[in-house]
Amino acid sequence: EPGRHANIVEGFGDLVVLVNPAFEASLYLTLRELSRSLERLSPLQTPVLITVQSESDMPNGTWFPLGQWLATIFQHAANRSEKVSMRTSVGNYEEFWDYRLAVPAEGKTASRPRADSLALRGSGCVCDLDLETSDADLENLMARASRLTSESPAGLQGPAMTCDRSGQYGRSVLTCLKPQDRATPFWVIRASDEVIHGHNGIFTNPFNDFVRQVVFESLALKARRSASRSEGGPPSP
């Protein structure tokens with residue numbers, strides 16, 4: 001919203017989450033530069049695009065760079081950094097990393113098959129993923145949403161820093177990797193093996209908890225933005 005004191009970047013739908021995307025980091029640079037070009041983001045800004053990359057994803061970590069090396073061998077790059085960004089998948093490009101999503105030590109399972117993932121047993125498919133929200137989790141989510149919709153802008157953990165969303169997300173913990181002085185509605189997250197196993201193991205309870213809580217918080221902030229617009233001005237303290 002150019003011309004406003006605080007910018008709001010709108011996305012497609014409520015939130016887009018990319019898991020282990022297989023495209024080169026150079027294609028992501030435009031979004032990164034866009035977020036850095038904004039003078040100030042509103043404390044009611046929500047993430048519009050979250051890219052999550054598993055640390056145990058061999059196809060993106062090993063085979064993707066090899067394929068891109070062959071595909072870009074004759075392409076010109078201004079410098080070595082640009083060449084690396086052309087041959088590295090977006091979630092494995094260290095310059096983009098904002099957070100790491102992991103499971104606390106007490107929540108890790110020691111063996112597989114994983115009890116918190118989809119599994120085939122015999123001739124039927126049995127889903128051990130918690131698709132229902134427990135009363136305790138729901139109460140916690142509602143409390144966070146209530147805080148986001150009632151606090152003054154100064155009291156919000158708004159996007160003054162990229163580390164504003166660090167903390168507990170159900171059975172997972174989000175930790176800031178690289179503090180910056182500018183926030184971004186575009187997040188790049190590294191995920192431990194317990195959160196996302198390999199390239200396809202995305203149906204886990206820790207990852208489900210994270211996505212669910214981010215969606216709740218985003219909807220709460222969007223509701224507050226809508227309320228402020230209907231009142232004809234910025235959110236009141």
Would you say [X] and [Y] make side-chain contact, with heavy atoms under 4.5 Å?
X: Pro185; Y: Val48; value: yes
X: Ile50; Y: Val214; value: yes
X: Asn208; Y: Arg212; value: yes
X: Phe96; Y: Leu29; value: yes
X: Gln68; Y: Glu24; value: yes
X: Met58; Y: His199; value: no
X: Trp69; Y: Ile73; value: yes
X: Val19; Y: Pro21; value: no

I'd like to check the salt bridge (Lys or Arg N to Asp or Glu O under 4.0 Å) partners of Glu55; sequence neighbours left out, ordered by chain and number.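 Partners of Glu55 under the salt bridge (Lys or Arg N to Asp or Glu O under 4.0 Å) test: Arg100.
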Checklist entry - Can you name the residues that form a salt bridge (Lys or Arg N to Asp or Glu O under 4.0 Å) with Lys83, not counting sequence neighbours? => result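 Partners of Lys83 under the salt bridge (Lys or Arg N to Asp or Glu O under 4.0 Å) test: none.
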inquiry  = The test is side-chain contact (heavy atoms from CB on, under 4.5 Å); show your working for Ile189 and Thr51 and say whether it passes.
reply    = CA-CA 6 Å; Ile189 299 174; Thr51 302; over 6 Å; no
Problem - Residues Arg190, Leu177; criterion side-chain contact (heavy atoms from CB on, under 4.5 Å); working and verdict - result: CA-CA 9 Å; Arg190 300 284 290 174; Leu177 291 178; 4.2 Å; yes
Ion pair check, Asp98 and Arg32, cut-off under 4.0 Å:
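Judged by the 4.0 Å cut-off on N to carboxylate O distance, Asp98 and Arg32 do form a salt bridge.
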For the pair Arg225 and Glu10, find out whether any cationic side-chain nitrogen is under 4.0 Å from an anionic carboxylate oxygen.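 Between Glu10 and Arg225 there is a salt bridge, with a charged N closer than 4.0 Å to a carboxylate O.
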Please name the residue in the list Ser85, Ser81, Ser26 that meets the side-chain hydrogen bond (donor to acceptor under 3.5 Å, both in side chains) test with Tyr93.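 Passing option: Ser81.
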So how far is it from [X] [atom1] to [Y] [atom2], rounded to the nearest 0.5 Å?
X: His76; Y: Glu82; atom1: NE2; atom2: CD; value: 7.0 Å
X: Asn20; Y: Ser54; atom1: CG; atom2: OG; value: 5.5 Å
X: Leu219; Y: Thr46; atom1: CG; atom2: OG1; value: 9.0 Å
X: Phe64; Y: Phe23; atom1: CZ; atom2: CZ; value: 8.5 Å

Would you call the rings of Phe186 and Tyr28 parallel, tilted or perpendicular if under 30° counts as parallel and over 60° as perpendicular?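 Perpendicular: the ring planes of Phe186 and Tyr28 meet at over 60°.
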Mutual orientation of the aromatic rings belonging to Phe210 and Phe207 [parallel < 30°, tilted 30-60°, perpendicular > 60°]
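Judged by the thresholds at 30° and 60°, the geometry between Phe210 and Phe207 is parallel.
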May I ask whether [X] and [Y] are part of the same hydrophobic cluster, defined by side-chain heavy atoms of I, L, V, M, F, W, Y residues being less than 4.5 angstrom apart, directly or through others?
X: Leu31; Y: Val16; answer: yes
X: Leu27; Y: Leu34; answer: yes
X: Trp187; Y: Val173; answer: no

Distance-only, no hydrogens or angles: does the [X] side chain make a donor-acceptor pair with backbone N or O of [Y] under 3.5 Å?
X: Ser56; Y: Gly198; answer: yes
X: Ser166; Y: Cys176; answer: yes
X: Gln45; Y: Val9; answer: yes
X: Lys178; Y: Glu95; answer: yes

Sole candidate of Leu49, Val188, Val52 that passes side chain to side chain contact (heavy atoms under 4.5 Å, CB included) when paired with Leu18: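 Among Leu49, Val188, Val52, the one meeting side chain to side chain contact (heavy atoms under 4.5 Å, CB included) with Leu18 is Leu49.
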side-chain contact (heavy atoms from CB on, under 4.5 Å) partners of Glu94, counting only residues at least two apart:
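Glu94: side-chain contact (heavy atoms from CB on, under 4.5 Å) contacts with Trp97.
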* Walk me through it: do Val195 and Ser192 pass the test side-chain contact (heavy atoms from CB on, under 4.5 Å)? => CA-CA 5 Å; Val195 176; Ser192 70; 3.5 Å; yes
Which heavy atom in Ser218 sits nearest to a heavy atom in Pro47, and how many Å separate them?
->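 It is OG-CD, 3.8 Å.
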Quiz item: For Gln53 and Asn60, what are the C-alpha separation, side-chain angles and deciding distance, and is it a side-chain contact (heavy atoms from CB on, under 4.5 Å)?
Solution: CA-CA 9 Å; Gln53 173 63 56; Asn60 270 351; 3.2 Å; yes
